[in-house]
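As the structure is a prediction and not an experimental result, all values here were calculated from the model. Counting begins at 1 with the first residue of the sequence.
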Amino acid sequence: MPDKRSAVLLTQCAGMFLVQLDVTVVNVALPSIGARFHAGVPALQWIVDGYTVVLAALLLSGGALGDVLGHRRVVLAGLGIFGLASAGCALAPDSATLIAARVAQGAGAALLLPGTLAVITRTFPGRHEQARALGVWAGVSALALAAGPLLGGLLVTATGWRSLFWINVPLTALAAAGTLLVPADPPTTGRVDVKGVLTGATALAALVYAVIESSIPAAVLGVAAAAAFLAAERTGPAPMLPLTLLRSRTFAAANVVAGAMNFAGLGTILLATLYLQGVHHAGPLTAALAMLPGFLPLSLLAPVTGRLTARFGPRPVMIAGLLTGATGLLGLLRVTGHSTIAGSFLPAFALFGVGLGLLTAAVVAAAVGGVPAGRAGIASGVNNTARQACGALGIATFGAIAGSPAQPAAFLHGLHAAAVLGAGMWLAAAVLTAVAVGRP
């Protein structure tokens, strides 16, 4: 890659690194945060989902704002909001304030993420070079996921959980300085889909609340808001989710698979953290080291997956990832309160990580390759929205199924049930991939 384009890719990957780092770096600190604020599992779920729900709800709006105002400007705004919100998280006096600051972080991330993807897809317009660039992007994203537990474990052990958020402040400043080096992109005509934003955000937040809090009224509100969202996208003049894109079988299937991937993926990561620290009583650093074999394949395989996808198309790579990950999830059935971490948890979690490593870049490439080249920015935004939205629902669902690790027997029963659910979803996604995902 030429030097200038490589510098653009590196800078935009730095923004993605921040967004993904704050998912897993927080997970490993949840037991410490819960002990500090006397918070139960529902509050801990909201500390994660407060970020992911808002990120999912506003992702496409962030892309639309980038089209109107210019993506570099919106990325810089996102970095500023993200940095200030991180300081708010570090200073939070209680769990409610922490959740509110995490919501603000999600808003900043929603401005940041689609802009980085838009810049990358514009910088690398060719199908093959774009697949390779997305592989690098996915590798950096996966590196953040892999670094998160280890960095979180080290910081929580050495200086406490608040340092997890303080570290974002200088990182955000560095990323903003690097983004200033990216050439400004001329804004294009466009408008923000206000109805879509409001109805979509309401639907997602209500459904997540319904799962976490077992609220029937919230479930009814979520379903009604989802119906209103679809109506708004069907009739609106500038929908953030153009339903005509779903006529492409490959694009539609890629987004279903992306949703299944994050639903089981983020839900499993949450339960793994609670299992290691709540059932095995491992410290934050020990738990982080135990989860590292599952996160390392994400980082190591993502660039390779990009090259394989460019050569063979996304379908075989996606199927391999889904089958491998499902095997790892079923391996969690061997986990008990008396089994060793090395003998039962590590092999299953490592296979799960290999599956995610194979899937990440291939799913994005399938979504982008399933639409005309001029719709790549929208396609990547929709794909990321599907991933984040279903990830938030997965965290809520898996947490509700497993309950509190303070009751180990019930928690392990729930962990096994969640593992079966996740494996079933991934096996069904493999069948869908084989049937619907074509070669670009």
Side-chain angles (χ1 to χ4, degrees), residues 11-27 46-66 69 71-90 92 98-120 137-138 140-145 147-148 152 164-176 178-179 192 197 200-201 204-205 208 240 258 262 265-266 269 360 364 377 380-393 395:
T11 302
Q12 299 311 295
C13 285
M16 162 56 76
F17 184 89
L18 280 173
V19 173
Q20 294 291 4
L21 181 70
D22 241 56
V23 175
T24 54
V25 79
V26 172
N27 269 279
W46 276 116
I47 289 171
V48 179
D49 269 351
Y51 179 79
T52 55
V53 166
V54 175
L55 173 58
L58 299 181
L59 260 179
L60 291 177
S61 300
L65 280 174
L69 302 175
H71 289 291
R72 187 184 72 163
R73 182 181 299 176
V74 172
V75 166
L76 287 169
L79 286 168
I81 294 171
F82 190 89
L84 290 173
S86 295
C89 291
L98 177 56
I99 292 169
R102 289 283 286 168
V103 167
Q105 270 192 317
L111 294 176
L112 168 63
L113 177 56
T116 63
L117 285 170
V119 170
I120 289 173
W137 170 84
V140 173
S141 169
L143 179 62
L145 291 173
L164 304 182
F165 300 106
W166 281 125
I167 196 173
N168 285 339
V169 177
L171 289 176
T172 301
L174 289 173
T179 302
V192 178
V197 172
L204 182 57
V208 170
M240 65 180 185
N262 268 33
L266 295 186
I269 290 170
T360 304
V364 176
S380 59
V382 172
N383 187 258
N384 271 285
T385 298
R387 290 168 60 184
Q388 298 299 334
C390 291
L393 289 171
I395 290 168

Worked check of side chain to side chain contact (heavy atoms under 4.5 Å, CB included) between Ile47 and Leu98: CA-CA 7 Å; Ile47 289 171; Leu98 177 56; 3.8 Å; yes
For Leu393, the option from Leu266, Leu204, Val53 that meets side-chain contact (heavy atoms from CB on, under 4.5 Å): Leu204
Gap separating the CH2 atom of Trp46 from the CD1 atom of Ile395, nearest 0.5 angstrom: 10.5 Å
Distance-only donor-acceptor pairs under 3.5 Å for side chains of residues 385-392, two or more places apart:
from	atom 1	to	atom 2	distance (Å)
Thr385	OG1	Gly381	O	2.9

Of Asp49, Leu55, Asp22, Val54, the residue whose pairing with Arg102 passes side-chain contact (heavy atoms from CB on, under 4.5 Å): Asp22
Straight-line distance of Leu18 CG to Leu112 CG, nearest 0.5 Å: 7.0 Å
Using distance only, find each side-chain donor-acceptor pair of residues 76-89 under 3.5 Å and give its atom names and separation, not counting sequence neighbours.
from	atom 1	to	atom 2	distance (Å)
Ser86	OG	Phe82	O	2.8
Ser86	OG	Gln105	NE2	2.9
Ser86	OG	Asn168	ND2	3.2

